[in-house]
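See structure below.
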Amino acid sequence: MTRKTFEESMQKVKQDILRLGKMVEEATLKSVEALKQRDLAAAHAILEMDKQINQLRFDIEREIMLLIATQQPMARDLRFLASCFEIASELERMGDYAKGIAVINLRMGDQPLLKPLIDIPRMAEKATDMLERALQAFMEEDILTAQQIPLEDDEIDALYNQVYRELMTYIIAAPTTIERANYLLWAAHNLERMADRITNICERTIFIVTGKIEEMDVSYDELDEKK
Amino acid sequence: MLKTAPIAFLVNKNNGTTMEKPQKMAIENLSVYYRNFRAIEEVNLPIYAQSITAIIGPSGCGKSTLLRALNRMNDLVPGSRTEGQVYLDGAPIYAPNVDVVEIRRRVGMVFQRPNPFPKSIYDNVAYGPRLLGIHQRHKLDEIVERALIAAALWDEVRDKLDQSGLSLSGGQQQRLCIARAIAIQPEVILMDEPASALDPIATLKIEELMQELKKAFTIVIVTHNMQQAARVSDYTAMMMLTDQAERSGTVIEFGETEQIFLNPKDKRTEDYVTGRFG
């Protein structure tokens, strides 16, 4: 092989992206569990995890810049590295959503949950499951899976709508609950946004393989049709 | 005996690992003259062990002169004179009583154009060891095989060792020259534009080979191909002509290759690596 060293460096970037993804999954599940249990110490730990996520993202960016500066990547190699830059940034933002949920938890202080959490943990489980498979598809450059995963975003949207409607009934019944309802709505919204970013990762995987950007965000199309 | 080279201040101090690496060679206040013309001026540079150091810079800035100073090859140029010092494992190589042949054995060289001898592949590689007095066939066989394996050429030539070295392709010839250089077990290998006469694939093979070689040897490469320096080297020295009336070349910046190509400190380096020079 003529570019063994370069190949190894690209594999390292790939492994680091996977590692970043695992950290984001863990932060997401833990942030929701901490919210469910109202565990403030655990919420603080998420803030620390977010710092590590941010650092790894910068490390990955640096690795990529170095490879672009020194190795003259072309064609598929260039698409791969440019996509990794984007994916690292998407993962870092997902980490921010997990951190956002931890911040909500801390802001709630000693206020009890408005209601026991059922759908929000489901959203977190679904989203992290999608993320794990999206990263697997990225690792294996499996475009069929990458095309399928964004379709599952509807499930997340459905769960979000359910949370939204439920919280609205609480607010309508007792407007004094508006603050506590809002906290939970905010947490659910973070998870909904996370799933959208998983779609972006799948788009990049397809781009690496085909060289074409396919817009996979189905929910907006549906919105257009309803108009 | 190991000398602390004054170059240390040039190295990016933010990176602790750089400072701790052992220096195989150190260049100290080195100037080289060809008669009255000063080709390079007061160069200070560390050469770190088991690393690849690239010397880059525009044409005529003294890159090859600096490289040839590292094994006293300039001595062969009539009228050349050297000031300053070069240390190899802490010992000065420009000193009375230094065995120049021994210096050149320890610091080998690969040139721009592949220059195999008009001899068999085997004899090309065995040439140096024979000069050093090794004549036992089984020993030579072993040395030749090991050198050709190290030069990533063995698989391509194992069945035709008695064919002429000149029958090989350009890229193979250059790897043969590398095998010839490493057959006498040098410690440092100097490469002067080792791939400039080769096609891109043969070039990448040489570059990949260098990554293997640096595990055992210290490599210094001169290249006008900036991308090549970026691809292969661990450290980069940027040379440029001074602004004085009598223009001679000197090292204006030295650092980890990563730093030189991502975040050069000197504006002239930045202009050169971004293609805005001149």
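Quick note on labels: first sequence line is chain A, next is B, and so on, each numbered from 1.
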Atom [atom1] in [X], atom [atom2] in [Y]: separation rounded to 0.5 Å?
X	Y	atom1	atom2	value
A:Leu66	B:Glu256	CG	CD	10.0 Å
B:Ile260	A:Thr70	CD1	OG1	13.0 Å
B:Phe261	A:Met65	CZ	CE	15.5 Å
B:Asn263	A:Arg62	CG	CZ	7.5 Å
B:Lys205	A:Lys4	NZ	NZ	14.5 Å

Taking every non-hydrogen atom, the tightest pair across A:Ala69 and B:Ala230:
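It is O-CB, 4.1 Å.
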
Answer yes or no: are there more than 12 heavy-atom neighbours, outside [X] itself, under 6.0 Å from its atom [atom1]?
X	atom1	result
B:Gln185	CD	no
A:Arg107	CZ	no
B:Lys267	NZ	no
A:Phe85	CZ	yes

Quick one: what part of B:Glu258 sits under 4.5 Å from any heavy atom of chain A, side chain, backbone, both or neither?
both

Bottom line for B:Leu209: the part with an atom under 4.5 Å from chain A's heavy atoms is neither

Sequence neighbours excluded, every pair satisfying salt bridge (Lys or Arg N to Asp or Glu O under 4.0 Å) that has a member inside residues 221-241 of chain B:
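Output for this query lists B:Glu207-B:Arg231, B:Lys214-B:Asp234.
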
Side chain of B:Gln211, backbone of A:Thr5: donor and acceptor closer than 3.5 Å?
no

Can you tell which part of A:Gln72 gets under 4.5 Å to a heavy atom of chain B, answering side chain, backbone, both or neither?
side chain

